[in-house]
There are 2 protein chains.
Amino acid sequence: MAAPLPRDPIADAQRNWEEHGWADVAPPMAAITAIMRTQQILLARIEGALKPFGLTFARYELLALLSFARSGELPMNKASALLQVHPTSVTNAVDRLEGSGLVTRSPHPTDGRTTLIELTAEGRIVAKRATAVLNTEVFGQSGFDAADVDQLIRILGTFRRNAGDFAD
Amino acid sequence: MAAPLPRDPIADAQRNWEEHGWADVAPPMAAITAIMRTQQILLARIEGALKPFGLTFARYELLALLSFARSGELPMNKASALLQVHPTSVTNAVDRLEGSGLVTRSPHPTDGRTTLIELTAEGRIVAKRATAVLNTEVFGQSGFDAADVDQLIRILGTFRRNAGDFAD
DNA sequence: GCAATATACTAGGACATCCAAGGGTTTGGA
DNA sequence: TCCAAACCCTTGGATGTCCTAGTATATTGC
């Protein structure tokens, strides 16, 4: 998108924070800002890898979740909870995946309120192929070394637990 | 948004990856997914803290950037580069900040193509107050301990440099 | 058994981000 | 000098996310 900057803007921000008397919160500010920016970079890579499949990250996540479900189907509210996104976001994703013929909606056999999302045969194939590309092009070339990956999993896992994501 | 899950969905995904023969990329997959989710949690906290000011994170970042500029003004393309966002996003943010009376647009004195963004007096006050709230409510209670903050800054700093964010 | 409450999904609106395209300005080479 | 290429910003279109509200179905309590 843009040429590399001559200097790290987040390090500059950290310096500004220190100079304005907020030295105590300057490091967490820098860490949080770095997380925001890193997410942006990773999302761009992921969406780039998924573009040939006509998928976005949101739709891929739903597809992958379904492909790991034993029966290949899941209630919408379950998907919303597992993906940690708003129910309306799932509705949106399902609308488009259904339009592409990758999933279908069907009524829940016993609960009339619930809608089941089910992978189609094509959806299962696309999920498999997209995962293979993500594995080789993104996850396999993350740029994090093994030790740092472990650190990230540990640090962010603790954070998410404390934030109330899961009980464990 | 949702009740805590009984188990960590990212740890489950990592297990699924291992069981499907992708054990080599399972850890980076988990780390990257954790970054995506952590960003989501942090963004929600930040936007919550900024809501009373009528600001979003995107608009706050622009406001903060201007408040640190000596003259309190910056060309749009400079802001776009420093914030690492698309020029149209800056246009959008400036439109709204201008509508709220926090910034003004003015023509560049020598380059007719360039538009300068300038903080208003009120904009400067709002930036100061919003920063104070963010410092106490978000950065001051990040949930990361000091050692982990250092790790994050180091790991993500290396990643961003390798990704071409900055040369340093 | 029926009303009140809770749950599940969808519709419409507000924002933010990106891409593609267009109009004005500046720069540099023929 | 002059015109093409490069640059800057804005507009319009597509996507995703969240919130609020509304409809339909289940469950609970009197």
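The sequence lines fix the lettering, A, B, ..., with proteins before strands; numbering per chain opens at 1.
When rounded to the nearest whole Å, the span between CD1 of A/I117 and C1' of C/dC9 equals 11 Å. One can place CG of B/L55 at 13 Å from C1' of C/dC15, the figure rounded to the nearest angstrom. Computed from coordinates, the A/L43 CG to C/dT17 P distance equals 12 Å when rounded to whole Å. The separation between A/D111 atom CG and C/dC9 atom C1' is 11 Å, rounded to whole Å. Atom-to-atom, CG of A/L83 to P of D/dG16 comes out at 14 Å; the value is rounded to the nearest Å. Protein atom CD of A/Q39 is 12 Å distant from nucleotide atom C1' of D/dG16, rounded to whole Å. In this structure, B/F57 places its CZ atom 23 Å from P of D/dG16, rounding to the nearest Å. Taking atom NZ on B/K51 and atom P on D/dC18, their separation rounds to 13 Å, with Å as the unit.
A side chain to side chain contact (heavy atoms under 4.5 Å, CB included) with B/I117 holds for exactly one of B/M76, B/K78, B/E98, B/R105; it is B/M76.
Contact between A/H20 and B/F68 at its shortest, heavy atoms only, is CE1-CE2, 3.3 Å. Nearest heavy atoms, A/A49 versus A/P52: O-CD, 3.4 Å. In terms of heavy atoms, A/E18 sits closest to A/A26 at CG-CB, 3.8 Å. Closest non-hydrogen pair, B/Q84 versus A/P9, comes out as OE1-CG, 4.1 Å. Pairing each heavy atom of B/R124 with each of B/S67, the nearest pair is NH1-O, 3.9 Å.
Applying a 4.0 Å cut-off to non-hydrogen atoms, the residues of residues 91-107 of chain A that approach DNA chain C are A/T91, A/R105, listed by residue number.
Distances shown here put every side-chain N or O of A/Q40 at or beyond 4.0 Å from the OP1 or OP2 atom of C/dT17. Distances shorter than 4.0 Å separate some side-chain N or O of A/H86 from OP1 or OP2 on D/dC19. Remark: A/T115 is not in phosphate contact with C/dA8, judged by side-chain N or O atoms under 4.0 Å from OP1 or OP2.
In the set C/dA16, C/dC9, C/dC18, C/dA16 carries the atom at the smallest distance from any side-chain atom of B/R59. The side chain of A/A58 lies closest to D/dG16 when the candidates are D/dC18, D/dC9, D/dG16. Side-chain proximity of B/T56 to the nucleotides C/dA16, C/dC9, D/dC8 is greatest for C/dA16. In this structure, the nucleotide among D/dT25, C/dC18, C/dT10 sitting nearest to the side chain of A/R113 is D/dT25.
Base engagement by B/T88 is indicated by at least one non-hydrogen atom pair under 4.0 Å involving a base atom.
Aromatic ring orientation, B/F139 versus A/W17: perpendicular (interplanar angle above 60°, classes split at 30° and 60°).
Each of A/G112 and B/V90 lies near DNA chain D, and the nucleotide nearest B/V90 is the one positioned closer to the 5' end.
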